[in-house]
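These notes are about the structure you will find just below.
Count residues from 1 along the sequence.
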Amino acid sequence: MATATALRIGVVGGSIAGCAAAVAGSRAGADVTVYERSGAELQDRGFGIVIPPPLHRELVASGYLDARMETAPVATRVWLTREPGGRSTRELARQPSPVTPCNWGLLWRPLRASAGAGASAGAGAVRYLRGEPATSVGESPDGRAVVTTARGEERYDIVMGADGHASRTRQLLAPGVTPEPAGYLVWRGAIPLSALADHPRELELLRGAWVTIGFPGGHGIFYLIPGTGDRLLAYAIYGRPPASPDADADPGPYVRELAKEHFPAAWAEIVGHGTHRTTAWHPVADVQVPRGRPGAAAARRGRGRGEPAAHGQRCGQGVAGRALPGAGAPG
């Protein structure tokens, strides 16, 4: 059990990076509090997330992930385009590119369970506060980190930020640095394989490779991930937004037209399929941090495009760390 003098760590954000940070802190004997803004369980997110195979092996070997967790590893990347003047598929290239695709929700569950375990000797306690967003992260007069929520303030020896593009912790690490729109969006979807029986050639290709389809101003990526019973075809399409984007409008019609205009016919039909398990779209933002600042880094990531880094701030020391480095949507 953790002693009364154990290090206290606050983690802002309770998704994959936040849970991994909580596990690491607890294993080190610290008492950890995780602040997750969503009031719902996160396990039902069915999008794809890709882990480099060496990192996956490391996470299994270190006990963060169960070796029995289903994945959909492939070793090849295939580049496709539409045949000029037609709608058939033209293969441009194949290259060795091993990846370990996972289902976001299936990856989050064991990390969340591990973050709440804290049963081994020397492990610290973990509190996971669902539906309790951090409104600010700051520094107290005595040099400790402070997390403020609607319930009040709590002080910590270390605060780690795993809270996405609008990170409260980043504001402390790099004040004045804000995400800037990159000028394009990412649309994501997942379709049960049982709904795609009329595309046997495409599914056969995806059983051994992940696919990239390029077009002017963007590209689409397709790969298989585990589901709950049935495997899913996951895709992400990066492209320019509509001329007059409406934040509340369903992006489906625009994305289907984009695919119809640029993709080979069979792949456009997959994007236009009506039996989606889940869909979402996210603007992509640039975050440029000048060199020389504590924890300085330059990163480009979209909201929901995999997991952001977990930044650590120990007041007066500028400690920065990252949970699950390299995990995210392929690009």
### Message
In this structure, is the centre-to-centre distance between the rings of Phe222 and Trp210 below 6.0 Å?
### Response
no

### Pair Arg231-Glu70, side chain to side chain contact (heavy atoms under 4.5 Å, CB included): steps then yes or no
CA-CA 10 Å; Arg231 278 199 169 189; Glu70 187 180 0; 3.8 Å; yes

### Task
Show your reasoning for whether side chain to side chain contact (heavy atoms under 4.5 Å, CB included) applies to Arg27 and Tyr64.
CA-CA 11 Å; Arg27 287 182 173 183; Tyr64 282 83; 3.4 Å; yes

### Message
So which atom in Tyr184 and which in Gly239 form the shortest heavy-atom distance, rounded to 0.1 Å?
### Response
CB-O, 3.2 Å

### Task
Identify, with sequence neighbours excluded, every residue that meets ring-ring contact (aromatic ring centres under 6.0 Å, His included) alongside His276.
Tyr235

#### Entry: Non-hydrogen atoms of Cys19 and Trp108 that approach each other most closely
SG-NE1, 3.7 Å

### Query
How many angstroms lie between CG in Leu65 and OG in Ser114, if you round to the nearest 0.5 Å?
8.0 Å

### Message
Using a 3.5 Å distance criterion without hydrogens, assess whether the side chain of Asn103 forms a donor-acceptor pair with backbone atoms of Gly227.
### Response
no

Which atom pairs, donor and acceptor, lie under 3.5 Å between side-chain atoms of residues 199-206 and protein residues at least two apart or in another chain?
unit_1	atom_1	unit_2	atom_2	d
His199	NE2	Ala266	O	3.4
His199	NE2	Glu269	OE1	3.0

### Message
For a quick test of reading the model, state the closest non-hydrogen atom pair linking Thr81 to Gly214 and the distance between them.
### Response
OG1-O, 3.9 Å

### Task
Indicate yes or no: at least one non-hydrogen side-chain atom of Ser15 is less than 4.5 angstrom from one of Trp104.
yes

### Within 45° cone of Tyr156 ring axis and under 6.0 Å: Arg144 NZ or CZ
no

### Task
Please tell me if the side chains of Leu233 and Ile270 come closer than 4.5 Å, counting only heavy atoms from C-beta onward.
yes

### Task
Check whether any side-chain N or O of Thr135 sits under 3.5 Å from a backbone N or O of Thr148 as a donor-acceptor pair, and report yes or no.
yes

### Query
Any side-chain donor paired with an acceptor under 3.5 Å for Ser38 and Arg130?
no

### Task
State whether a side-chain donor-acceptor pair under 3.5 Å links Arg127 with Thr33.
yes

### Message
Quick check for you: to the nearest 0.5 Å, what is the distance between Leu193 atom CG and Leu224 atom CG?
### Response
5.5 Å

### Sub-4.5 Å side-chain heavy-atom contact between Leu107 and Ile49
yes

### Message
Testing the basics here: between Asp163 and Ser167, what is the closest heavy-atom pair and its distance to 0.1 Å?
### Response
OD1-OG, 2.7 Å

### Message
Using 0.5 Å steps for rounding, measure from the OG1 atom of Thr89 to the CD1 atom of Ile213.
### Response
7.0 Å

### Query
Do side-chain atoms of Arg82 reach the backbone of Glu261 as a donor and acceptor pair under 3.5 angstrom?
yes

### Query
Got Val78 and Glu91 here, is their nearest side-chain heavy-atom distance under 4.5 Å?
yes

### Summary
When rounded to the nearest 0.5 Å, the distance separating CZ of Arg151 from OH of Tyr35 is 7.5 Å

### Query
Is there side-chain contact between Val99 and Pro73, with heavy atoms separated by less than 4.5 Å?
no

### Task
Taking Asp230 for its side chain and Ser194 for its backbone only, find out whether a donor-acceptor pair lies under 3.5 Å.
yes

#### Entry: Listed partners of Arg87 passing salt bridge (charged side-chain N to carboxylate O under 4.0 Å, His left out), at least two apart
none

### Message
Could you measure the distance from the CZ atom of Arg94 to the CG atom of Leu80? Nearest 0.5 Å is fine.
### Response
8.5 Å

## Note on the structure
Residues Arg37 and Pro133: closest non-hydrogen pair is CB-CB, 3.4 Å

## Note on the structure
For Ala6 and Asp157, the nearest pair of non-hydrogen atoms, with its separation, is O-OD2, 4.4 Å

### Beyond-backbone contact of Val32 with Val11, side-chain heavy atoms, under 4.5 angstrom
yes

#### Entry: Reported CZ-to-CZ distance for the pair Phe47 and Arg188, which is rounded to 0.5 angstrom
6.0 Å

### Message
Checking Asp142 against Arg155 for the salt bridge (Lys or Arg N to Asp or Glu O under 4.0 Å) test, could you report, in this order, the C-alpha distance in whole Å, the side-chain angles of both residues, the deciding distance, and whether it holds?
### Response
CA-CA 10 Å; Asp142 62 358; Arg155 297 186 180 189; 3.3 Å; yes

### NZ/NE/NH1/NH2 to OD/OE distance under 4.0 Å, Asp66 and Arg68
yes

### Task
For Phe215, check ring-ring contact (aromatic ring centres under 6.0 Å, His included) against everything at least two apart and list the hits.
His262, Phe263

### Non-neighbouring partners of Thr149 that pass side-chain hydrogen bond (donor to acceptor under 3.5 Å, both in side chains), sequence neighbours left out
Glu132

## Note on the structure
By side-chain hydrogen bond (donor to acceptor under 3.5 Å, both in side chains), Glu257 pairs with (sequence neighbours left out) none

### Query
Is a donor on one side and an acceptor on the other found under 3.5 Å between the side chain of Asp31 and the backbone of Gly124?
no

### Query
If we only count heavy atoms from C-beta on, is the Thr279 to Trp187 side-chain gap below 4.5 Å?
no

### Query
Can any side-chain N or O of His273 pair as donor or acceptor with the backbone N or O of Ala195 at less than 3.5 Å?
yes

### Query
Less than 4.5 Å apart, any side-chain heavy atom of Gln95 and any of Thr76?
no

